[in-house]
Amino acid sequence: MRTLRLRQTRWLSRMGRIVTHVTIVNALDPAHEISCEALVDTGAWGLMLPRAWKERLGAFQMTRTVEMVAADQRVVSGEVCGPVTIQIEGWEPVSSEVTFVDMELEGGRYRPLLGYTVLEQAGLAADPVGGRLLKIPHMDLRAASGSTG
């Protein structure tokens, strides 16, 4: 019996990992903003930032506490705050909210997560093979209307 051995190429070793620059601005107090690198995580709900950064964005009009299940099945508490303007590098800004959660440092840095709801608001999709974000040419309203065809 023969075994096929595959060579691992450079792009394959980073396939599925997309990191992008994001700027978050307090919509009611534009003097307060944060710019950071965020890991695109289509399994995450919205934009998740470390709780340690919350004061940098100033006071918010709206805050609420939510319970979330983490990837490791832990239930964690988050504080959803808004409104904010989120600018994903190279794309149009969107109005949204941000969730602050307790995060651990990874290599001396926090790793914010950019989740699917913000991507959908911005009209973007993750291309894990190409390691990039792609513009969705048009919004698909069929699911919202209940139409299947």
Side-chain angles (χ1 to χ4, degrees), residues 3-140 143-144:
T3 303
L4 178 63
R5 196 178 281 200
L6 299 175
R7 263 189 313 155
Q8 185 170 351
T9 59
R10 244 190 299 169
W11 68 267
L12 193 60
S13 65
R14 61 187 164 93
M15 185 174 77
R17 185 172 174 84
I18 303 170
V19 176
T20 189
H21 187 82
V22 178
T23 300
I24 306 98
V25 178
N26 184 325
L28 301 178
D29 188 358
H32 289 90
E33 76 174 49
I34 295 174
S35 290
C36 62
E37 298 295 314
L39 176 64
V40 174
D41 182 353
T42 57
W45 172 56
L47 179 60
M48 307 289 171
L49 295 179
R51 198 178 306 271
W53 291 1
K54 184 176 181 233
E55 288 184 21
R56 292 172 50 188
L57 281 176
F60 293 99
Q61 176 183 13
M62 182 220 45
T63 62
R64 71 182 187 279
T65 301
V66 295
E67 299 293 317
M68 301 171 289
V69 178
D72 62 4
Q73 303 306 310
R74 288 179 299 123
V75 175
V76 297
S77 178
E79 188 174 2
V80 180
C81 301
V84 296
T85 301
I86 300 172
Q87 169 89 50
I88 302 169
E89 184 176 31
W91 307 102
E92 293 293 318
V94 296
S95 294
S96 192
E97 52 194 16
V98 63
T99 304
F100 293 99
V101 296
D102 291 325
M103 287 187 179
E104 294 183 23
L105 293 169
E106 295 179 22
R109 297 174 51 184
Y110 290 112
R111 180 60 72 194
L113 298 177
L114 179 61
Y116 72 90
T117 56
V118 178
L119 294 175
E120 287 179 354
Q121 285 178 304
L124 301 174
D127 172 13
V129 175
R132 60 192 173 150
L133 295 174
L134 299 172
K135 185 71 176 165
I136 299 169
H138 55 270
M139 295 295 192
D140 186 354

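The model shown is predicted, which means the values in this text are computed figures rather than measured ones. Residues: numbered from 1 along the sequence shown.
With a 4.5 Å cut-off on side-chain heavy atoms, Cys36 and Pro112 count as touching. Within the 4.5 Å cutoff, side-chain heavy atoms of Leu114 are placed close to those of Ile88. The shortest side-chain heavy-atom distance between Val84 and Val25 does not fall under the 4.5 Å cut-off. With contacts defined as side-chain heavy-atom distances shorter than 4.5 Å, the pair Leu124/Lys135 qualifies.
For the pair Glu97 and Arg64, the salt-bridge criterion is met [side-chain N within less than 4.0 Å of a carboxylate O].
At distances below 3.5 Å, at least one donor-acceptor pair connects side-chain atoms of Asn26 with backbone N or O atoms of Ala59. Proximity of a side-chain donor or acceptor of Thr117 to a complementary backbone N or O of Trp45 within less than 3.5 Å is detected. Formation of a donor-acceptor pair under 3.5 Å by the Gln61 side chain with backbone atoms of Gly82 is not found in this model.
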Check against side-chain contact (heavy atoms from CB on, under 4.5 Å), Ile34 and Val98: CA-CA 12 Å; Ile34 295 174; Val98 63; over 6 Å; no

side-chain hydrogen bond (donor to acceptor under 3.5 Å, both in side chains) evaluation trace for Gln121 with Ser96: CA-CA 8 Å; Gln121 285 178 304; Ser96 192; 3.0 Å; yes

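Remark: Gln87 pairs with Thr23, Pro93 by the side chain to side chain contact (heavy atoms under 4.5 Å, CB included) rule, at least two apart or across chains.
Counting non-hydrogen atoms of other residues, nucleotides and ligands closer than 6.0 Å to CD of Glu104 gives a total of 12 or fewer.
Ring orientation note: the planes of Phe60 and Phe100 are tilted relative to one another, at an angle of 30° to 60°.
Using a 3.5 Å distance cut-off with no hydrogens or angles, the side chains of Thr20 and Glu89 do not pair a donor with an acceptor.
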